[in-house]
Undergrad: 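First the structure, which I've put down as structure tokens, then a few questions once you've had a look.
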Amino acid sequence: MWDFMKDRDLHPRVVQRLRDTGFYMILEIGQLQLDWSLITALIERWRPVTYTFHLPIGEATITLQDMEVLYGMPVDGLPVALPLAMREMTRGQYLDMLQQLTGFRPQDETAHSGASRMSLTAIRQHLEILHPDIIGETDDLHIHRYTRLLLLLLFGGVLFPNT
């Protein structure tokens, strides 16, 4: 994700769509430098029974409100859940839905691995091809599809990475 973003400025229409979704702040924050000493200190103070950090000043925990303040993401409203029907979808059905929503369907068999998982490399490469085409006169459908692919890259590469 960050390799894709470092040399590219997003078109203002894409930025507005990302702001509308509530995820643009994550791109503004960028790739954070991890402080391993701080992480180690917090791990040592974590209490799994109470789900809190035991600090010299008292107990502390991370709340949804903290996420709202730090990332600018709205945390109130309805939860997002996978509909039951989607749990039974095949890989082909997932790819059909991906193509319908983003205009992209990976052709390489190695690009997808399992019914609902896929390699993000193919998505990034497709975004690299689409990026120069976004100008002021670009139609809304192209902007929506580009933004959805960018969000997919953001979710898979930043918010929910599978290492």
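When reading the values below, keep in mind they use all heavy atoms of this one structure, side chains included, and skip hydrogens, waters and symmetry mates. In this chain, numbering begins with 1 at the start of the sequence shown.
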Undergrad: What's the separation between atom OG1 in Thr121 and atom CG in Leu153, rounded to the nearest 0.5 Å?
TA: 9.0 Å
Undergrad: Restricting to salt bridge (Lys or Arg N to Asp or Glu O under 4.0 Å), what partner residues turn up for Arg45, sequence neighbours left out?
TA: none
Undergrad: What is the distance from atom CG of Leu127 to atom CZ of Arg8, rounded to the nearest 0.5 Å?
TA: 8.5 Å
Undergrad: Does a side-chain heavy-atom distance below 4.5 Å link Leu64 with Asp76?
TA: no
Undergrad: Can you list the residues that meet the salt bridge (Lys or Arg N to Asp or Glu O under 4.0 Å) rule with Arg13, with sequence neighbours excluded?
TA: Asp140
Undergrad: If you group Ile, Leu, Val, Met, Phe, Trp and Tyr by side-chain heavy-atom gaps below 4.5 Å, do Phe53 and Tyr51 land in one group?
TA: yes
Undergrad: Thr40 versus Glu44: any side-chain heavy-atom pair under 4.5 Å?
TA: yes
Undergrad: Applying side-chain contact (heavy atoms from CB on, under 4.5 Å), name anything that partners Met97, two or more places apart in sequence or on another chain.
TA: Met86, Met89, Tyr94, Leu101
Undergrad: With sequence neighbours excluded, what pairs up with Asp96 under the salt bridge (Lys or Arg N to Asp or Glu O under 4.0 Å) test?
TA: Arg105
Undergrad: Same hydrophobic cluster for Ile57 and Ile62, using side-chain heavy-atom links shorter than 4.5 Å among ILVMFWY?
TA: yes
Undergrad: Please report the closest heavy-atom contact between Leu152 and Leu120, naming both atoms and the distance.
TA: O-CD2, 4.2 Å
Undergrad: Checking Leu38 now: which residues fulfil side-chain contact (heavy atoms from CB on, under 4.5 Å) with it, not counting sequence neighbours?
TA: Asp35, Leu42
Undergrad: Run the numbers on Thr21 and Leu151 for side-chain contact (heavy atoms from CB on, under 4.5 Å), then give the verdict.
TA: CA-CA 9 Å; Thr21 65; Leu151 284 169; 4.0 Å; yes
Undergrad: How long is the straight-line distance from CZ of Arg91 back to CG of Leu98, given to the nearest 0.5 Å?
TA: 13.5 Å
Undergrad: In sequence, state the C-alpha distance, the side-chain angles, and the governing distance for Leu27 and Leu10, and then conclude on side-chain contact (heavy atoms from CB on, under 4.5 Å).
TA: CA-CA 10 Å; Leu27 292 178; Leu10 296 176; 3.9 Å; yes
Undergrad: Near Asp139 CG, under 6.0 Å, is it more than 12 heavy atoms from other residues, nucleotides or ligands?
TA: yes
Undergrad: List in chain and number order the residues that pass salt bridge (Lys or Arg N to Asp or Glu O under 4.0 Å) with Arg124, two or more places apart in sequence or in another chain; answer none if no residue qualifies.
TA: Glu128
Undergrad: Just how far is it from atom CG of Leu154 to atom CD1 of Ile123, taken to the nearest 0.5 Å?
TA: 12.0 Å
Undergrad: Roughly how far apart are Leu130 CG and Gln125 CD, rounded to 0.5 Å?
TA: 12.0 Å
Undergrad: List the steps, then state whether side chain to side chain donor-acceptor pair (under 3.5 Å) holds for Tyr146 with His131.
TA: CA-CA 8 Å; Tyr146 179 89; His131 186 80; 2.7 Å; yes
Undergrad: Please tell me if the side chains of Val69 and Asp66 come closer than 4.5 Å, counting only heavy atoms from C-beta onward.
TA: no
Undergrad: Determine the minimum heavy-atom distance between Thr102 and Arg148, stating which atoms define it.
TA: CG2-CB, 3.9 Å
Undergrad: Can you list the steps and then say if His54 with Thr52 is a side-chain contact (heavy atoms from CB on, under 4.5 Å)?
TA: CA-CA 6 Å; His54 285 249; Thr52 58; 3.6 Å; yes
Undergrad: At what distance, to the nearest 0.5 angstrom, does CZ of Phe155 lie from CZ of Phe23?
TA: 4.0 Å
